[in-house]
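Values in this document were obtained by computation on a predicted structure and should not be read as measured data.
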Amino acid sequence: MFEDIICALSTPRGVSATSVVRCSGPRVQERIRYLISGPRSLQPRRAYVAEFVEGDRFIDEVVVVFFEGPASYTGEDMLEISFHGNPIIVENALEALFRAGSRMALPGEFTKRAVLNGKFDLIKAEAINALITSKTERALEAAVKSFTGGLSEEVVSFREKMIRLLAAVEVELNYPDEVETDYSSLRGELLDLRNEIAHFVNSSENGIILSRGIKTAIVGETNVGKSTLLNALLKRDRAIVSDLPGTTRDTIEEDLNIEGVLFNVVDTAGIREATDAVEELGIKRSLKAIEEADLVILLRDPHDQENRDLEEDLRNGRKRLIVAANKSDIRKIESGSYDVIISARTGEGIRDLEKLMLKKTDDITSIEDSVIISARQKQKLSDSVDCIDKSIEAIDSLITVDVVSTMIEQAARSLDELLGTNVTEDLLNRIFGDFCVGK
């Protein structure tokens with residue numbers, strides 16, 4: 001399928017004990033073999049100590065392993081060459097490889113070739129990237145679930161059911177005088193499949209949340225200690241803290257790892273009547289952060305008279321809500337209507353708050369055997385559901401059978417795009433553009 005040879009550093013850049021350069025392409029061994037001393041022919045999956053040279057120029061002593069396609073990561077012939085981890089050595093080696101006719105790999109191009117060569121589907125490719133980039137233990141667990149094939153198996157099962165239903169409709173299209181579809185039965189089966197996919201999406205999208213982080217907004221009135229709380233959770237000074245009301249004029253976002261669960265915490269501007277245009281903009285952003293949040297921490301100063309309208313609005317909006325009373329270091333606070341009592345300044349009660357954050361979000365962090373780990377995966381499954389809905393509407397409206405067939409076919413095509421069996425070059429470039437170059 002590909003005629004060119006791609007090369008890239010597959011280990012992190014910088015000084016290290018070893019740096020590995022990966023090369024992939026047809027006849028890669030014979031085309032760049034003259035750069036590597038040693039046996040004339042490298043046996044697959046055996047490590048050889050050799051010299052990497054360009055003409056009379058010695059570059060490094062290396063360990064080289066040859067992987068013969070299709071039994072390789074990309075499905076092509078591959079070489080992995082281990083150099084001493086000096087960035088200058090690696091640059092010299094790459095330049096020699098480029099002069100030998102290879103080129104620098106694009107981000108994710110090794111994995112892209114693996115997908116196009118049929119080594120695995122697009123779902124597993126996304127899982128590989130998630131394995132590399134996961135920031136927490138739970139996100140990594142979700143990536144592993146996807147990598148081991150659970151999601152692919154579910155999608156293939158959905159597709160097989162669609163194809164069976166499509167075949168039944170196509171028979172009538174091809175033999176209208178001999179076959180008449182039982183549309184009552186077809187509608188029932190389509191509805192069952194539609195509900196099955198929709199339920200799967202709703203129950204397995206936690207992997208997306210674990211990967212991107214639980215959006216958590218710290219909100220409250222001015223000078224209640226929101227920025228101090230953010231610093232206490234992060235255990236470092238990230239936000240500017242001042243006794244002057246309205247110090248925070250914009251939202252500040254930081255990632256927080258609590259027992260392997262990633263929280264994307266947003267410190268918001270205090271919500272009150274704005275005194276100027278800048279503060280008004282900050283308050284609007286605070287309200288947007290609340291709207292987008294999976295979890296809201298409403299911080300209160302129980303020593304002041306406070307407006308309770310915000311708490312009521314949050315509860316009416318069915319937000320996952322923690323009402324935290326702050327400044328317990330100033331005087332004793334009665335538990336009352338608060339979920340937790342803390343002192344953001346001294347750290348008292350912060351651990352209790354963290355435990356409550358985990359408890360409040362337990363429903364969106366549990367992991368099933370099959371999980372969705374990207375917005376693309378969710379969108380393609382949702383597109384499939386929408387197409388099935390349209391096919392059911394067509395049946396109910398007594399529209400011709402060819403329309404029903406087209407809608408079912410489009411539903412199956414969405415799953416094909418999810419698996420990567422029917423996908424455009426532009427889509428592949430967007431997906432693999434987020435990968436590191438050496439993968």
Side-chain angles (χ1 to χ4, degrees), residues 1-2 4-8 10-11 20 22-26 28 44-45 65-80 105-134 139-160 162-163 197 200 204-205 207-208 210-211 367-381 384 412-439:
M1 182 179 292
F2 302 97
D4 54 345
I5 295 175
I6 55 173
C7 296
S10 62
T11 48
V20 179
R22 173 180 282 173
C23 305
S24 181
V28 65
R45 300 180 182 275
V65 181
F66 171 58
F67 298 91
E68 187 175 23
S72 69
Y73 179 76
T74 60
E76 307 171 317
D77 288 353
M78 281 184 56
L79 285 175
E80 290 192 348
L106 298 173
E109 190 168 6
F110 291 96
T111 305
K112 177 181 174 181
R113 289 192 174 196
V115 170
L116 293 175
N117 288 327
K119 295 296 292 184
F120 42 77
D121 60 35
L122 206 50
I123 291 174
K124 188 166 185 177
E126 288 177 302
I128 290 171
N129 193 42
L131 285 173
I132 296 170
T133 59
S134 295
L140 179 60
E141 184 181 347
V144 170
K145 292 281 188 183
S146 183
F147 180 76
T148 52
L151 178 57
S152 294
E153 291 174 2
E154 290 284 353
V155 174
V156 169
S157 174
F158 295 149
R159 186 185 182 281
E160 288 175 350
M162 278 182 201
I163 296 302
I197 298 175
F200 176 77
S204 61
E205 64 178 330
I208 300 176
L210 288 169
S211 297
I367 302 176
E368 304 292 336
D369 289 336
S370 303
V371 291
I372 300 169
I373 60 171
S374 75
R376 186 193 78 89
Q377 293 173 355
K378 180 180 178 181
Q379 185 60 56
K380 291 303 176 184
L381 286 165
S384 183
R413 189 177 298 122
S414 293
L415 299 187
D416 286 340
E417 291 175 357
L418 175 52
L419 292 166
T421 54
N422 180 19
V423 66
T424 65
E425 184 73 15
D426 287 344
L427 176 59
L428 286 176
N429 289 339
R430 286 199 300 271
I431 291 171
F432 291 109
D434 293 331
F435 279 53
C436 58
V437 171
K439 198 62 177 177

Results of side chain to side chain donor-acceptor pair (under 3.5 Å) for E153 - residues two or more places apart only: none

Side-chain heavy atoms of V371 within contact of L151, under 4.5 Å: no

Donor-acceptor under 3.5 Å (T421 side chain, D416 main chain): yes

Over all atoms of both residues, closest heavy-atom pair of A127 and A143: CB-O, 3.9 Å

Check: P26 main-chain N/O paired with D77 side-chain donor or acceptor under 3.5 Å: no

Minimum heavy-atom distance R113-I6, with the two atoms named: NH2-CG2, 3.5 Å

Reference residue F67; test side-chain contact (heavy atoms from CB on, under 4.5 Å); the match among R22, E76, R45: R45

Side chain to side chain donor-acceptor pair (under 3.5 Å) involving K378 - partner list, sequence neighbours excluded: E205

Separation between CZ of F120 and CD1 of I128, rounded to the nearest 0.5 Å: 3.5 Å

Non-hydrogen side-chain atoms of L122 and R376 separated by less than 4.5 Å: yes

Minimal non-hydrogen separation, A139 against L210, with atom names: CB-O, 3.4 Å

Sequence-distant partners of T74, side chain to side chain donor-acceptor pair (under 3.5 Å), two or more places apart: S24

Residue pair L140 / F147, side-chain heavy-atom distance below 4.5 Å: no

Which atom of A114 lies closest to which atom of Y73, heavy atoms considered: CB-O, 3.2 Å

Evaluation steps, side chain to side chain contact (heavy atoms under 4.5 Å, CB included), between V28 and M78: CA-CA 7 Å; V28 65; M78 281 184 56; 5.6 Å; no

Nearest-0.5 Å distance, CD1 of residue I123 to CD1 of residue I372: 9.0 Å

Heavy-atom pair of closest approach, residues S370 and S204: O-CB, 3.2 Å

Spacing of CG belonging to L418 relative to OG belonging to S152, to within rounding of 0.5 Å: 8.0 Å

Taking every non-hydrogen atom, the tightest pair across K119 and P70: NZ-O, 2.7 Å

Interatomic spacing from CD1 in I373 to CG in N129 - rounded to 0.5 Å: 8.5 Å

Spacing of D4 atom CG and E109 atom CD [to the nearest 0.5 Å]: 6.5 Å

Euclidean distance, L116 CG relative to T111 OG1, rounded to 0.5 Å: 11.0 Å

Main-chain N/O of G207 paired to S211 side chain as donor or acceptor, under 3.5 Å: yes

